[in-house]
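One structure is given below, encoded as structure tokens.
Computed from a predicted model, the values in this text were never measured in an experiment. Naming convention: chains lettered A, B, ... in sequence-line order (proteins, then strands); numbering from 1 in each chain.
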Amino acid sequence: MTQHVVECQGVSRTYQDDAVPVHALRGVDFAVGTGEFVSLAGPSGSGKSTLLHVIGGLDRPNEGAISVDGEDINALGDSELADLRLNKIGFVFQAYNLIPVLSAQENVEFIMQLQGVDAAERGERALGTLDSLGMRDLADRRPGEMSGGQQQRVAIARAIVTNPVLLLADEPSANLDTGTTGELLELLKRLNKERGVTIVTATHDPMVMGYASRQVHLRDGEIVSE
Amino acid sequence: MPLKLLLQLSWRNLWRHRRRNGIMVLAIALAVTGVMLMNTLMRGMAAEMREAAIDNLTGHIKVIHPGYMADPGIGRGFEPEQGWEQALADVPVAGWAQRVRVPAVIMSERETRGVQLVGVDPAREAISFLGSLSVDGEALSGAEDRRIIIGATLAEQLETSVGRRLVIMTQGADGLNREAGYRIAGTYDADSNALEKVFVFTGAQTVARLLESPAVTEVSLRLESGDDIPLALAELGAVFEDLDVKAWQDLEPQVASMVLVADFGLYIMYFVIMGALVFGLVNALVTAVMERVRELGMLRALGMRPRSVVAQVVVESTLVMTAGVVAGLALAVVCYLPFSGGIDLSAFSETMQMMGVRNIFTPRLEVADMVIVFVLSLVLGVLASLYPARRAVKVTPLDAMRR
Ligand SMILES: Nc1ncnc2c1ncn2[C@@H]1O[C@H](COP(=O)(O)OP(=O)(O)OP(=O)(O)O)[C@@H](O)[C@H]1O
Ligand SMILES: [Mg+2]
């Protein structure tokens, strides 16, 4: 791979917790090529989430350089970082993904609305994406009226409907049973294969690791093996 | 962030806590209603006092000799040139009257009292309380009338009645005493007992004859609108160069300052009552924001700008405030309408007369005041939400979502 969606060089992130520094990441060099499906694995506290966060512009590294789709994250201000997240990155968090007062369809449309996509196109794309995830019938339900797996699927629909450069998913299967996890992974795989969406997930779940095209292992904030 | 999305999110979030927000709206509405109704009373009272002061032979504007206030008497009289009123061609004037007013002593067979003897042309007195007096007996027929009318209270004090004669003693222009007897044509009943005790009216020429002087001591004008006072003052000042041309505010400074207090009263009441309420609003908003801090963090993580999050909280607060204020103003109007024609206080009329208040009290709900309350509330709603909104964006999206 010559074209990289993500490039990290010497990235360190240290939390100053009660005067004792916690080194969540220690000089990580890491790159993700276009169309890759990467799974970050490692024990709890190894820095998986932190790595996802710095890549996604939700957190800033103390040291090192990160570029996403060619943009140097360190050079961006908070608002520009917000715009980067809005326009280039799709997020699926472990929980609390959806806006409770909006229906599934409105949640999927939310980012497009922030981007200024017009209403007709928004509706069409949202319903199309929900349909491809088998969620069309639930388009009018609010998050409180859906199961955890259904909510995660809506979150994924929202993350991919804008065709982001990069999809970041942190423990997407944490709240799901095995069956639902399987469906979710098939979905991610399909998106990766058919639409060429670049995916990075962080997980403990061996099932998730199995679906990824590449596994990266972290331990104590360092990449130990690929 | 598109305005439509902002309003949609805010609106739905408000409905999510409809009980809490409903109570807030109700509290604001009641406070606004209270402020508005108290204000209608204050405005009514101020207007009453102003009207009474203007009616009270003052008018909007009065022309007097510069020394008259300190030493009233015919010695401080003047003779206005014929046609002086032409100077006011571009100010709409309701009417004007020339009077001669001097301190005098009035005597019956039994009692003696100090009064103000006022010589008038009754035809010109529609501009003062004299025009609408209810007179027991007969009113003055003209400037030539040689009879007098006195207040009912004064008649009681003098132990006299219509048809009897009274002796009036006063000083002429030469400083010598003049004295003459007059028959009582009628007794009048004014809104205030104080007026009844002080003013004794007769024809202007009768007083001129008594004082042996054609001079008047005052010219009083009533304009169509009080707004024209400054213009009229300027124009009259040019005509009556050596005289004082004074607005009623200068002649009745206490009343003028009461009216001014009523103007500020709205703001004072508003800030006392709404100020307390705003603490409640801020508190409710902080609670609402902190409950949603995770959700608001998630919105920012997705790429919503901090200022959009602030805008959302501000819009929510402003919506609550607007709903409360509109409801409050509507309620105030509903409460006010049955009384807009005036409240009949005649049941308490004795006490009221002593206080100089008329039998019918008219509260005033002014549109301008409603607009002020509405605008102030919107400003207050925005200000109240800024602190809670800041708190929502002070934590980073990650910290917010981790809570
Ligand atoms: N906000 C924070 N303040 C202090 N320490 C933090 C913070 N966030 C993470 N850490 C620490 O940084 C280290 C890495 O955390 P991280 O969440 O990246 O691990 P993880 O691999 O995602 O773990 P898990 O599998 O449990 O999610 C941990 O030791 C954690 O305690
Ligand atoms: Mg984690």
Side-chain angles (χ1 to χ4, degrees), chain A residues 13 15 17 24 49-50 52-54 56-60 76-103 106-119 122 142-144 151 155 158-159 161-162 164 168 170-171, chain B residues 1-22 285 287-313 315-317 319-320 389-403:
Chain A
R13 179 71 175 97
Y15 292 107
D17 219 13
S49 296
T50 307
L52 279 190
H53 293 154
V54 294
L58 277 172
D59 200 356
R60 288 181 186 275
L76 302 179
D78 284 346
S79 290
E80 292 163 314
L81 217 49
D83 287 347
L84 176 91
R85 295 199 295 270
L86 180 65
N87 296 313
K88 297 203 168 168
I89 300 172
F91 283 102
V92 179
F93 304 107
Q94 185 172 331
Y96 305 111
N97 263 303
L98 303 179
I99 302 156
V101 293
L102 299 183
S103 70
E106 287 165 341
N107 263 288
V108 176
E109 287 187 31
F110 180 76
I111 291 176
M112 287 190 284
Q113 230 170 331
L114 290 182
Q115 290 175 339
V117 179
D118 73 71
R122 242 170 29 219
R142 291 202 181 177
Q151 289 183 39
R158 180 184 59 195
V161 73
T162 54
L168 300 176
D170 195 357
E171 315 268 9
Chain B
M1 181 167 187
L3 190 65
K4 193 167 158 260
L5 179 61
L6 192 66
L7 288 173
Q8 186 184 40
L9 277 177
S10 303
W11 181 251
R12 292 198 188 168
N13 278 315
L14 289 178
W15 281 100
R16 189 148 58 138
H17 300 290
R18 58 186 76 109
R19 210 177 103 91
R20 184 165 63 204
N21 291 317
L285 283 170
T287 314
V289 162
M290 285 300 124
E291 271 171 11
R292 265 162 52 206
V293 72
R294 211 152 44 185
E295 179 188 329
L296 294 172
M298 182 260 294
L299 293 182
R300 280 184 296 148
L302 292 179
M304 189 158 147
R305 289 182 168 208
R307 84 168 92 96
S308 299
V309 174
V310 170
Q312 198 189 316
V313 178
V315 167
E316 282 174 34
S317 163
L319 284 177
V320 168
R390 284 275 157 73
R391 280 191 60 168
V393 294
K394 218 171 74 182
V395 287
T396 67
L398 275 184
D399 285 338
M401 288 201 300
R402 208 175 276 136
R403 292 195 181 189

Under 4.5 Å from a heavy atom of chain B, the part of A:Glu106 involved: side chain
ring-ring contact (aromatic ring centres under 6.0 Å, His included) partners of A:Phe110, counting only residues at least two apart: none
Separation between CD of B:Gln8 and CD of B:Gln312, rounded to the nearest 0.5 Å: 10.5 Å
Any donor-acceptor N/O pair, A:Arg85 side chain to A:Gly57 backbone, under 3.5 Å: yes
Contact origin within B:Leu302 toward chain A - heavy atom pairs under 4.5 Å: both
Chain A neighbours within residues 12-20 of chain B, where any heavy atom lies under 4.5 Å away: B:Arg12, B:Asn13, B:Arg16
Residue selection (most heavy-atom pairs with chain B, distance under 4.5 Å) from A:Asn97, A:Asp78, A:Val101: A:Val101
Any residue meeting side-chain contact (heavy atoms from CB on, under 4.5 Å) with B:Val310, in chain and number order, not counting sequence neighbours: B:Val314, B:Ala389, B:Val393
Heavy-atom closest pair, residues A:Pro143 and A:Gln151: O-NE2, 3.1 Å
Nearest non-hydrogen partners of B:Val395 and B:Val293, listed with the distance: CG2-CG2, 3.8 Å
Top contributor to chain B contacts, counting heavy-atom pairs under 4.5 Å, from A:Ile89, A:Ile111, A:Ile99: A:Ile99
Side chain to side chain donor-acceptor pair (under 3.5 Å) against A:Ser49, all qualifying residues, sequence neighbours excluded: A:Asp170
Heavy-atom pair count under 4.5 Å with chain B, highest-scoring of A:Gly56, A:Ala82, A:Gly116: A:Ala82
Interchain contact, A:Arg60 with chain B, by part (heavy-atom threshold 4.5 Å): neither
Distance-minimising heavy-atom pair for A:Val161 and A:Met112: CG2-CE, 3.9 Å
Top of B:Ser308, B:Gly297, B:Gly303 for chain A proximity - count of heavy-atom pairs under 4.5 angstrom: B:Gly303
Contacting moiety of A:Leu98, where chain B heavy atoms sit under 4.5 Å: backbone
Expected output: side-chain B:Glu295 to main-chain B:Arg292 donor-acceptor under 3.5 Å: no
Where B:Ala301 and A:Phe91 come nearest, the two heavy atoms and their spacing: O-CE1, 3.6 Å
